[in-house]
Peer 1: 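Input: one structure, supplied below.
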Amino acid sequence: MTERLRIALESYRRNTQRACSREFAASTLDRLGLADRYAVVNSALGDVYVAWSPRGISALRQAENPETFERWFQKRLRRRAFPTAERSELAEIAARALAGEEVDFPVDLRGCTPFEAAVLWKAREIPQGHARPYAWIAREIDHPRAVRAVGSALANNPIPLLIPCHRVVRSDYTTGDYVFGAPNKRRLLEGEGLHLNEIADLARRGVRYIGQPEDNCFCLPTCGTNLIAPQHPCFHNAEEALAMGLEPCTVCRPIAA
DNA sequence: TGGGTGACGACGC
DNA sequence: AGCGTCGCCACCC
């Protein structure tokens, strides 16, 4: 630990022991590069509070008022966040992402367990206009039987919308639950072009995979928005598709490797 | 510490 | 065909 950092930490500790002002605490944490800041940003679900740390975007939540948001933030992440008027570069990127632009940005997942982080990183890989089953996440992170635990981890997603947990659905292609309510999950997915009703109907009739003969592969029915079409054969199981000489799609990886 | 608890899934009527 | 049941596993008091 550098001498400067040690002195700053001591100063912070002294000053928090006195009931120091919010602003003083915030500026001290800023000097240490530790403070999370937050601002209100518009999204598909209206205004939301977005927080970021020097490491990346750290939280997103709907809240009645700043106090509600701060209470939730402290409970969930075990540290404090402070409001700011000046938008950092990170906040601007978050705003663009929430406006629908496909931009990459760092996330700060301190406060998540390794398992939760693995689930969230995997959910980040799901592109716009796609969806994957909970069981798919479990298989991809090498915990194939931890399907319920995947649900719990997504329920705890500190950064919904920006980490697109709404793209994780049940194996029967009903939506499953969502932090902002199942109807919003459905709305978001349909907004991205997915025809979930149609796909759930097919699933009810036993359809699990869709072939794309032009690419010589077969997919999950939610691998993009254009799969449900007459020229694409339906399969009840992977064997049928493999028997036709089709390969598992390398984007949606429909079966275990 | 260990038993209770889920944004699940498969199976049985 | 939809609903109840039960197994599953990470996490939390």
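Every chain is numbered from 1, with letters handed out A, B, ... down the list of sequences.
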Peer 1: Mind checking side-chain hydrogen bond (donor to acceptor under 3.5 Å, both in side chains) for A:E89 and listing every partner two or more places apart, or none if nothing turns up?
Peer 2: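 side-chain hydrogen bond (donor to acceptor under 3.5 Å, both in side chains) check on A:E89 returns nothing, list empty.
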Peer 1: Just to be sure I follow the notation: if a pair is Watson-Crick (purine N1 to pyrimidine N3 plus N6-O4 or O6-N4) or a G-U wobble (N1-O2 and O6-N3), each under 3.5 Å, what dot-bracket string does DNA chain B give, with | for pairs to another strand?
Peer 2: .|||||.||||||
Peer 1: Could you list the donor-acceptor pairs under 3.5 angstrom formed by side chains in residues 197-210 of chain A, with sequence neighbours left out?
Peer 2:
unit_1	atom_1	unit_2	atom_2	d
A:N197	OD1	A:R186	NH1	3.1
A:D201	OD1	A:R204	NH1	2.9
A:D201	OD1	A:R204	NH2	3.4

Peer 1: Could you measure between the two C1' atoms, the one in B:dG4 and the one in C:dC6, and give it in whole Å?
Peer 2: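 After rounding to an integer number of Å, I get 16 Å for this pair.
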Peer 1: Output all residues satisfying side-chain contact (heavy atoms from CB on, under 4.5 Å) with A:V179, sequence neighbours left out; order by chain, then residue number.
Peer 2: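 Testing A:V179 for side-chain contact (heavy atoms from CB on, under 4.5 Å), a comparison that skips the adjacent residues, returns A:R61, A:P160.
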Peer 1: Using residues 220-232 of chain A as the side-chain source, report each donor-acceptor pair under 3.5 Å to any protein atom, sequence neighbours left out, with the distance given to one decimal.
Peer 2:
unit_1	atom_1	unit_2	atom_2	d
A:T222	OG1	A:A131	O	2.6
A:H232	ND1	A:L227	O	2.7
A:H232	NE2	A:E214	OE2	3.2

Peer 1: By the side-chain hydrogen bond (donor to acceptor under 3.5 Å, both in side chains) test, which pairs, at least two apart or in different chains, include something from residues 127-141 of chain A?
Peer 2: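 Listed once each, the pairs are A:K122-A:E140, A:H130-A:R132, A:Y134-A:K185, A:E140-A:R253.
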Peer 1: Listed by chain and number, what are the side-chain hydrogen bond (donor to acceptor under 3.5 Å, both in side chains) partners of A:D142, not counting sequence neighbours?
Peer 2: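 A:D142 satisfies side-chain hydrogen bond (donor to acceptor under 3.5 Å, both in side chains) with no residue once adjacent residues are dropped.
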Peer 1: For a quick test of your reading: what N or O donor-acceptor pairs under 3.5 Å do the side chains of residues 45-52 of chain A make, sequence neighbours left out?
Peer 2:
unit_1	atom_1	unit_2	atom_2	d
A:D47	OD1	A:N42	ND2	3.0
A:W52	NE1	A:S88	OG	3.0

Peer 1: Earliest and latest nucleotide of DNA chain C, 5' to 3', sitting under 4.0 Å from a non-hydrogen atom of chain A?
Peer 2: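 Contact boundaries, 5' end first: C:dG2 to C:dC11.
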Peer 1: Any carboxylate oxygen within less than 4.0 angstrom of a Lys/Arg side-chain nitrogen, looking at A:R55 and A:D36?
Peer 2: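 No, no charged N to carboxylate O under 4.0 Å.
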Peer 1: Could you write nucleotides 6-13 of chain B as a row of B, S and -, 5' to 3', where a protein heavy atom under 4.0 Å of any base atom gives B, of only sugar-phosphate atoms gives S, and otherwise -?
Peer 2: BBBS----
Peer 1: By nearest nucleotide on DNA chain C, pick out whichever of A:R204 and A:P114 is the more 5' one.
Peer 2: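 Mapping each residue to its closest nucleotide by heavy atoms, the 5'-most match is A:R204.
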Peer 1: Going by the rule side-chain hydrogen bond (donor to acceptor under 3.5 Å, both in side chains), which residues pair with A:E192 if we only count those two or more places apart in sequence or in a different chain?
Peer 2: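 Listed in chain order: A:H166, A:R167.
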Peer 1: Considering residues at least two apart in sequence or located in another chain, which fulfil the side-chain hydrogen bond (donor to acceptor under 3.5 Å, both in side chains) criterion with A:R96?
Peer 2: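 Counting only residues at least two positions away or on another chain, A:R96 forms a side-chain hydrogen bond (donor to acceptor under 3.5 Å, both in side chains) with A:E101.
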